[in-house]
Amino acid sequence: NKKLKDVEISFPIVYGTISFWLGKKASEYHSHRWTVYVRSANNEDLSVIVKRVVFQLHPSFQNPTRVVEQPPFELSESGWGEFEIAITLYFHSDVCEKRLDLFHQLKLYPEEEAGPQSTKKPVVVETYDEIVFPEPTEAFFQRVQNH
Ligand code: SLL
């Protein structure tokens, strides 16, 4: 698989969480419904580069290692507490042999300035990043061009 020495592919991504408070009647241990996700930042198909995403949750969850093999690369759960989620991206073999570890702090509770918790206003925290692939393989480069 030939490498293109003078080319660099940059892939913008966004990852984060959106969380909904389930209201006063919700049970104590499932007070929030949340989704953690990683996606392309410009509506590309992330599966062009990503083969699998593993979300590592807090050990208080059942089966805390969650594997997602196709887009959308996201996972929804319900819970009561905030913790750090490890998001590991595995790439197609002609893209990159190494994996990429991202970390995201799940946020359920709004900042004081945002006013009281409401079932209508989700709490969203997102990070923008760019994955850079220096010297991509020709196969990978072709795939990106055709997309
Ligand atoms: C804390 N460091 O102590 C955090 C841990 C863990 C949250 C929060 C489990 C839900 C379920 C859940 O929400 N864990 O049992 O399914 O605040």
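It should be emphasised that the depicted structure is a prediction, and the values quoted were computed from it without experimental measurement.
Rounded to the nearest 0.5 Å, atoms CD1 (I87) and CD1 (I13) are 8.5 Å apart. Distance check, rounded to the nearest 0.5 Å: OG1 of T127 to CG of L102 gives 8.5 Å. Note that CD of E69 is 10.5 Å distant from OH of Y90, once rounded to the nearest 0.5 Å. Interatomic distance, CD1 of I9 versus CZ of F141, reported as 6.0 Å (0.5 Å rounding). Taking OG1 of T137 as the reference point, atom NE2 of H92 lies at 11.5 Å (rounded to 0.5 Å). Within the model, atoms NE2 of H30 and CD of E77 stand 8.0 Å from one another, a figure rounded to the nearest 0.5 Å.
For CD of E130, the number of neighbouring non-hydrogen atoms (other residues, nucleotides, ligands) closer than 6.0 Å is greater than 12. The environment of Q62 atom CD is sparse: at most 12 non-hydrogen atoms of other residues, nucleotides or ligands sit within 6.0 angstrom. The 12-atom threshold is exceeded at CD of E8, counting heavy atoms of other residues, nucleotides or ligands nearer than 6.0 Å. Residue Y29 places its OH atom among 12 or fewer non-hydrogen atoms of other residues, nucleotides or ligands, all under 6.0 Å distant.
Taking the ring centre of F20 as origin, the terminal cationic atom of R33 falls outside the region bounded by 6.0 Å and 45° from the ring axis.
Scanning all heavy atoms of the two residues, the minimum distance from I18 to Y37 falls at N-CE2, 4.0 Å. Taking every heavy atom of both residues into account, P110 and G115 meet most closely at CG-O, 4.1 Å. Between F140 and D94, the closest heavy-atom pair is CB-O, 3.6 Å. Nearest heavy atoms, Q105 versus T17: O-OG1, 4.3 Å. Nearest heavy-atom pair, F73 versus K51, reported as atom, atom and distance to 0.1 Å: CE2-O, 4.5 Å. Here the shortest heavy-atom pairing between T65 and Q56 reads OG1-OE1, 2.8 Å.
Aromatic ring centres of F91 and F133: separated by under 6.0 Å.
Judged purely by distance below 3.5 Å, without hydrogens or angles, the side chains of T35 and E74 never pair a donor atom with an acceptor atom. For the residue pair D101 and T88, a side-chain donor N or O sits within less than 3.5 Å of a side-chain acceptor on the partner. A side-chain N or O of S47 and one of D45 form a donor-acceptor pair less than 3.5 Å apart.
R66 has its side chain within reach of L57: a pair of non-hydrogen atoms, C-beta onward, lies under 4.5 Å apart. In this structure, S31 and L22 have side chains that are not in contact, with every pair of non-hydrogen atoms separated by 4.5 Å or more. Residues W34 and S78 form no side-chain contact, since every pair of their non-hydrogen atoms from C-beta on lies 4.5 Å or further apart. Looking at V38 and L46, their side chains come closer than 4.5 Å, going by heavy atoms from C-beta outward. At least one side-chain heavy atom of L100 sits under 4.5 Å from a side-chain heavy atom of I131.
Both V68 and L89 are part of a single hydrophobic cluster, where members link through side-chain heavy atoms under 4.5 Å apart. Put simply, V36 and V124 are part of two different groups of oily side chains (I, L, V, M, F, W, Y) that touch within less than 4.5 Å, one to the next.
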For the pair D129 and Y15, evaluate side chain to side chain contact (heavy atoms under 4.5 Å, CB included) and give the outcome as yes or no after the intermediate values. CA-CA 8 Å; D129 211 340; Y15 59 95; 4.2 Å; yes
Apply salt bridge (Lys or Arg N to Asp or Glu O under 4.0 Å) to residues K3 and E135 and explain how you reach the verdict. CA-CA 6 Å; K3 289 201 163 145; E135 304 189 354; 5.8 Å; no
Determine, stepwise, if the pair V125 / H104 fulfils side chain to side chain contact (heavy atoms under 4.5 Å, CB included). CA-CA 9 Å; V125 180; H104 177 79; 3.7 Å; yes
Going through the distances and angles, do V95 and R143 end up as a side chain to side chain contact (heavy atoms under 4.5 Å, CB included)? CA-CA 10 Å; V95 172; R143 254 201 342 276; 3.4 Å; yes
Stepwise side chain to side chain contact (heavy atoms under 4.5 Å, CB included) test for F11 and S40: CA-CA 7 Å; F11 210 97; S40 150; 4.0 Å; yes
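Note: Y109 and H32 have perpendicular aromatic rings, judged against thresholds of 30 and 60 degrees for the angle between ring planes. Classified by interplanar angle (parallel below 30°, tilted 30° to 60°, perpendicular above 60°), the ring pair F83/F61 is tilted.
Between K107 and E126 there is no salt bridge, since none of the side-chain N atoms of the basic residue sits less than 4.0 Å from a carboxylate O of the acidic one.
A donor-acceptor pair under 3.5 Å links the side-chain atoms of E82 to the main chain of L108, judged by distance alone.
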